[in-house]
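Here's the structure, in structure tokens; my notes come after.
In this text, all values refer to a predicted model and were calculated from it rather than measured experimentally. Below, chain A is the first sequence line, B the second, and so on; all start at residue 1.
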Amino acid sequence: MTISVVWFRRDLRVEDNPALAAGVRSGKVIALFIWAPEEEGHYYPGRVSRWWLNQSLSLLNSSLQNLGTTLLTKRSSDSVLSLLHVIKSTAATHLFFNHLYDPFSLVRDHRAKEILTENGIVVRSFNADLLYEPWEVVDDEGQPFNTFSSFWDRCLSMPYDPQPPQLPPKRIISGDLSRCPSDTLVFENDSERGSNALLARAWSPGWSNANKTLTTFINGPLLDYSTNRRKADTATTSFLSPHLHFGELSVRKVFHQLRTKQILWANEGNQAGEESVNLFLKSIGLREYSRYMSFNHPYSHERPLLGHLKFFPWVVDESYFKAWRQGRTGYPLVDAGMRELWATGWLHDRIRVVVSSFFVKVLQLPWRWGMKYFWDTLLDADLESDALGWQYISGTLPDSRQFDRIDNPQIDGYSFDPNGEYVRRWLPELARLPTEWIHQPWDAPEYVLQAAGIELGSNYPLPIVTINAAKSRLQEALSHMWQQEANSRAIRENGTEEGLGDSFEDTLIAFPQDMQMELDEETVRNRTTATVGHYEDQMVPSMTTSLLRVEEDQEEESSSDERNLAHNNTRAQVPTNNILNRELLQEPNGQELDQDFGMQSVLPQFNIQIALRNAPAESSSSSRSRERESGVVPVWSPANSSYSVSEDNSYLQRHPQINWRQLSQTG
DNA sequence: CTTGGTTTCTC
DNA sequence: AGAAACCAA
């Protein structure tokens with residue numbers, strides 16, 4: 001009887017899991033999860049994300065146990081080596097897994113496939129994460145789309161529907177685990193435990209809870225999604241994103257259930273409901289598109305898709321950054337959002353746009369810093385989605401927001417939070433300010449402020465940058481950017497100095513010190529228990545006390561958690577990622593893994609070749625479904641021609657000229 | 001039907 | 001910010 005390893009990653013479910021189904025079909029199954037976060041480079045998962053993963057894994061394990069096997073867990077610094085080890089010690093001959101599309105996984109999974117195949121293992125991989133694989137959705141010339149709406153239009157009009165979701169297996173025959181013990185995985189340290197305990201009050205990870213959440217949403221808030229989705233102060237979103245991130249829920253199942261509901265509403269002539277489904281599907285589509293982008297442009301988490309931004313003179317000011325993180329910018333909507341993020345690991349989509357737009361356009365901080373902070377703090381932190389979002393905000397996609405556009409948090413405040421309830425919930429110091437002034441306290445008459453107990457600059461800050469100042473600074477920055485761009489082009493056209501000194505890597509701005517994960521052991525050891533796992537400056541005021549009071553309080557951070565909870569405050573600390581043990585960055589043979597993996601030039605340079613495209617021409621429509629089943633996987637080849645300026649240009653040439661022209665005119 | 005002034009939406 | 005959709009005469 002064939003023994004196969006089913007490698008679980010971000011597909012933590014038993015239902016509609018093609019890799020698991022394949023394993024069950026072929027015989028005995030070893031269900032495996034490998035924890036190798038160092039492989040993610042700078043993107044070591046944040047505290048709340050690790051908490052979720054931990055919960056989700058134990059629920060997956062109990063599901064697997066009900067079906068007849070158990071989840072084998074391994075701690076590793078090299079997934080591929082661990083796979084080999086597990087395969088050998090369990091006498092497995094097959095490996096099945098589901099595709100991931102983030103840059104780290106693309107490289108790792110390709111390597112896994114190569115090495116294991118060399119070792120005589122049968123490796124097959126599947127689509128479990130998307131409605132359509134990225135290489136299935138192309139334009140009439142076979143090229144990938146460069147705008148979301150063209151991409152999504154095509155998805156919705158594909159000649160074949162997304163695969164219908166599969167039922168979970170009835171029974172799993174377990175492989176022999178006796179010669180391959182599990183490692184105990186540690187996802188939290190002592191200082192994180194207290195804060196993590198709070199998360200369980202608000203969130204229930206796991207695939208069966210994901211299904212419940214979906215049902216609740218479809219039968220409830222979905223109907224009014226089209227009208228309510230823009231309100232920041234009420235919970236009208238699906239709350240599915242963390243479930244989807246970890247693959248606890250199949251998007252195809254979501255898709256089919258939504259479609260079913262939509263048909264039902266259409267038959268009833270319920271137009272609002274129909275429209276709501278379209279809009280919600282669109283947000284599912286954005287998730288699809290983020291994978292699509294990442295697959296087609298694997299550097300999009302660190303490089304602007306439109307290259308001009310590499311000349312943007314970012315304001316490298318850590319005090320701005322700190323004010324933003326702490327929710328002390330002086331703009332109530334921004335600050336409320338940042339406090340909510342800090343406290344709960346969650347943020348309404350609209351507010352994500354507000355705070356990130358403020359970050360890039362008003363503060364003009366490097367967008368990768370903001371993205372990294374989201375990564376560290378969001379419960380649904382997702383590299384592809386976050387990269388797409390930040391590039392959209394930064395104006396570096398063909399269809400993103402204009403560069404020179406500045407959103408005004410005051411105006412957004414009155415449209416997303418017209419009654420100021422959201423602001424009052426997260427900024428208790430402004431709780432007594434009348435709605436008229438709630439989004440512009442700096443304009444309020446002195447007596448109003450006094451009556452509300454507000455002293456601007458003392459218990460609530462004045463705006464750290466005025467919108468007008470930001471506008472003119474942005475104009476200057478943009479003309480500087482165009483100037484530099486022109487200079488650079490001139491140099492390049494003059495020939496000889498080609499490529500000299502202007503490779504993108506040189507212009508990457510390092511993350512601030514307190515975001516770095518590569519702390520040397522000395523630093524880690526010298527940190528007291530109280531500070532390990534904290535951004536030290538991130539002691540955001542408690543919801544129940546004034547700013548001043550909390551600043552005195554910050555030492556007893558964790559002990560005050562329960563008290564805060566009693567006041568309906570799910571505040572928690574934001575994780576850092578400094579727990580990395582330096583040794584884990586070493587390969588077993590002593591060769592040091594590059595610490596800058598993913599950050600600097602070291603990220604493997606590859607060209608994408610789509611296997612499907614290279615496949616023999618016999619792949620006619622009759623074989624199509626089999627191809628999709630068998631999981632045609634992109635072939636990655638290390639290339640000497642990196643993702644370079646020239647490739648950047650070809651990207652520009654291909655996409656519709658709209659934005660590029662506008663941008664050029666700006667300068 | 002136009003017309004001009006709103007509101008809404010942008011991934 | 002600017003286009004598109006909407007709406008009140």
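Phosphate contact (OP1/OP2 of B:dT10, side-chain N/O of A:Arg350, threshold under 4.0 Å): present. Between A:Arg230 and B:dC9 there is a side-chain N or O to OP1 or OP2 distance below 4.0 Å.
Both tests pass for A:Arg352 against the ring of A:Trp346: distance under 6.0 Å to the centre and angle within 45° of the axis.
The interatomic distance linking A:Tyr289 (OH) with B:dT10 (P) rounds to 15 Å, in whole Å. Spacing between atom CZ of A:Arg401 and atom C1' of B:dT8 amounts to 13 Å, rounded to whole angstrom units. Rounded to a whole Å, the CD atom of A:Glu275 is 12 Å from the C1' atom of B:dT8. Here B:dC11 presents its P atom at 18 Å from CG of A:Asn296, a figure rounded to the nearest Å. Between the CZ atom of A:Phe416 and the C1' atom of B:dT8 there is a distance of 11 Å, given to the nearest Å. In this structure, A:Phe280 places its CZ atom 18 Å from P of B:dC11, rounding to the nearest Å. Between A:Leu306 atom CG and B:dC11 atom P there is a gap of 14 Å when expressed in whole angstrom units. A:Phe145 places its CZ atom 15 Å from the P atom of B:dC11, with the value rounded to the nearest Å.
Side chain of A:Lys282, nearest nucleotide from B:dC11, B:dC9, B:dT10: B:dT10.
For the pair A:Arg287 and A:Asp129, the salt-bridge criterion is met [side-chain N within less than 4.0 Å of a carboxylate O].
Between A:Phe295 and A:Trp135, the ring planes are tilted. Angles from 30° to 60° get that label. Taking the six-membered ring where tryptophan is involved, the planes of A:Phe151 and A:Tyr289 are tilted, since the angle between them lies from 30° to 60°. Classified by interplanar angle (parallel below 30°, tilted 30° to 60°, perpendicular above 60°), the ring pair A:Tyr43/A:Phe511 is perpendicular.
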Would you list the protein and nucleotides 1-6 of chain C atom pairs, both N or O, that sit under 3.5 Å from each other?
{"unit_1": "C:dA1", "atom_1": "N1", "unit_2": "A:Arg405", "atom_2": "NH1", "d": "3.1"}

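Between the side-chain ring of A:Tyr392 and the base of B:dC11, a stacking contact exists by the 5.5 Å and 30° definition.
Side-chain atoms of A:Glu275 and A:Tyr225 include no donor-acceptor pair closer than 3.5 Å.
Nearest heavy-atom pair across A:Lys282 and A:Trp152 is CA-NE1, 3.8 Å.
Nucleic acid contact class of A:Asn408 (heavy atoms, under 4.0 Å, all strands): none.
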